[in-house]
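Heads up: the structure comes next, in structure tokens.
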There are 2 protein chains.
Amino acid sequence: MILPLHLTISEQLRDRILSGGYRSGDRLPSEHQLMAEFAVSRITARRAISNLTQQGLVTVKRGKGVFVATQQKVTYSLSNPMVFLEADLDRQGVKVGIQTLVFEAVAVPSEVAAILKCSIVYLQKKILLFNGIPGCVDVTYILPKLGAAYESELRQHMTFTTLERHGIEIDKIDATISCTQADYETSAQLEVTLGHPLIVYRHTAYNQDNCAIVHGESISRGDRFCYSAQIVR
Amino acid sequence: MILPLHLTISEQLRDRILSGGYRSGDRLPSEHQLMAEFAVSRITARRAISNLTQQGLVTVKRGKGVFVATQQKVTYSLSNPMVFLEADLDRQGVKVGIQTLVFEAVAVPSEVAAILKCSIVYLQKKILLFNGIPGCVDVTYILPKLGAAYESELRQHMTFTTLERHGIEIDKIDATISCTQADYETSAQLEVTLGHPLIVYRHTAYNQDNCAIVHGESISRGDRFCYSAQIVR
DNA sequence: AAATTAAACTTGTTATAACAAGTTGAGCGA
DNA sequence: TCGCTCAACTTGTTATAACAAGTTTAATTT
């Protein structure tokens, strides 16, 4: 089985990373050094680096070099109050900041109409900062009564933290978790490369009357976050 | 804000795809046609295509062309019997096939030792085929007593289907869901490109005595599968 | 000594070129 | 008609080349 040059090189570099030859945060050889070491053209050396980037093993910084990526994920726990809270992340040593991009009443989009039985809803788009670094883009639709009542608080805190604080109890959440790849807009917001893996948490929250009150989608950096759940019979 | 050529081209093609100009399964212009249409070199045209590939919008087939990817994901439901079963997928029109690569007793690996209180465990590696197409790589560690007793059945059916059929009830599952990118080996097994997004379901199952009996990791194609759960207070 | 400048790095973009290899269909021959 | 071959497509790999644009360091100037 013969492999293309770029793959044999990237596999070799991969071995060095996984075996500990290059450690987390270390700089890899520069393109020129790789060209010399493996006697290949720059295009091939760059392709090898690109292969590693795509596997999430390294990150590239223009003008500086190629560095071994550090893994270690922050966990969103779904079981606690059914959604993650600031306090939950604080325990993992993470301070959450919220940067609200949009908060406005809008006509309910067609995808959401079947879920939230309303013609007008509040739409909030926000970026979550974790220790100051953007890690999640969140789009939430919320019933107009709630959105209007708690706007100032919703702008600065997590949706469910705010609702719980005002005695609005969530009884059930329908959730799906999937993954996707960053498009240009999202890649700019999360400061990642195009195609960066993202983990998507799409949820609908219901109150005690089984009435949907919140529907949203949280898109987080896949290299930094994961979801945990405890499922009991 | 000026963008590199390859990005302006890929964004333009992206618009055509999302707006329905090119529909699911359609062939995009060939590299030569893109070179002519946008008056760029082949390397730039290829980079534009690569941008779309990384966003999961198109798939490339050598010798044939570039085609708009079809989305539509199969859902693993976590709430039913806490793990997905063949019957569950059958309802979605998917026939599951199992191709066992490894089934053997091994010394318990260090990562698993803290979970399964055993020195020897059965290790099963399998590829799950969905309507004949590989979609998931699964690595499962199972208590030796269970592995030995049900080997022939475990080789051909889902782990939990087999256990349930023999009256072994799962009381609790600790699960985490994360995403990652295909390395070379996985990309070959799942027939995807290097770096393809993957969704990882890592779980530990406990019986009525709160004793861990199964620990495993399912790595599925992120473009084809998602997980759903219903979380109730 | 401090500030500025320039040189020497780094990665990013883009062009031209050639050959390899998978796919398809037209045309030829049996 | 059937089957084969070959030409004309397609994408994949690799080299050479040039310039752009961040980053760092050393030299120069103030």
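So you know, we letter chains A, B, ... as the sequences are listed, proteins then strands, and number each from 1.
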**Message:** Whether B:Glu191 and B:Arg224 form a salt bridge (side-chain N of Lys/Arg under 4.0 Å from carboxylate O of Asp/Glu) is what I want to check.
**Reply:** no
**Item:** Pair B:Thr162, B:His157: side-chain N/O donor-acceptor within cut-off below 3.5 Å
**Value:** no
**Request:** For the residue pair B:Ser218 and B:Asp138, confirm or rule out a side-chain donor-acceptor distance under 3.5 Å.
**Result:** yes
**B:Lys61 to B:Phe67 six-membered ring, cation-pi geometry met (6.0 Å, 45°)** = yes
**Message:** Contact list please: residues 182-193 of chain B against DNA chain C, heavy atoms, distance less than 4.0 Å, in numerical order.
**Reply:** none
**Request:** Answer yes when B:Lys125 and B:Glu185 have at least one side-chain N-carboxylate O distance shorter than 4.0 Å, and no when they do not.
**Result:** no
**Request:** Show your working on ring-ring contact (aromatic ring centres under 6.0 Å, His included) between B:Phe38 and B:His6 and close with a plain yes or no.
**Result:** CA-CA 10 Å; B:Phe38 295 97; B:His6 61 80; over 10 Å; no
**Message:** Angle between ring planes, B:Tyr227 versus B:Tyr76, binned at 30° and 60°: parallel, tilted or perpendicular?
**Reply:** tilted
**Fill in**
Result for side chain to side chain contact (heavy atoms under 4.5 Å, CB included) between B:Leu13 and one of B:Asn51, B:Leu34, B:Leu57 points to B:Leu34
**Message:** Need two values: the first and the last nucleotide of DNA chain C, 5' to 3', having an atom under 4.0 Å from any heavy-atom of chain B.
**Reply:** C:dT13 to C:dT24
**Prompt:** Can you list, by residue number, the residues of residues 39-58 of chain B that have a non-hydrogen atom closer than 4.0 angstrom to DNA chain D?
**Reply:** B:Arg42, B:Arg46
**Set of residues satisfying salt bridge (charged side-chain N to carboxylate O under 4.0 Å, His left out) with respect to B:Arg14, sequence neighbours excluded** = A:Asp183
**Request:** Decide whether A:Asp223 and A:His196 meet the rule of one side-chain donor and one side-chain acceptor closer than 3.5 Å.
**Result:** yes
**Item:** Relative orientation of the end axes in the helix from C:dA1-D:dT30 to C:dA30-D:dT1, expressed as an angle to the nearest 10° (five pairs per end)
**Value:** 10°
Polar pairs (N or O, both sides) under 3.5 Å between protein and nucleotides 22-26 of chain D?
{"from": "D:dG22", "atom 1": "N2", "to": "A:Gly63", "atom 2": "O", "distance (Å)": "3.2"}
{"from": "D:dT24", "atom 1": "OP1", "to": "A:Lys64", "atom 2": "NZ", "distance (Å)": "3.4"}

**Asked** Parallel, tilted or perpendicular for B:Tyr141 and B:His215, by the 30°/60° rule?
**Response** parallel
**Request:** Find out whether A:Lys73 and A:Phe225 are in side-chain contact, i.e. whether some heavy atom of one side chain is under 4.5 Å from a heavy atom of the other.
**Result:** no
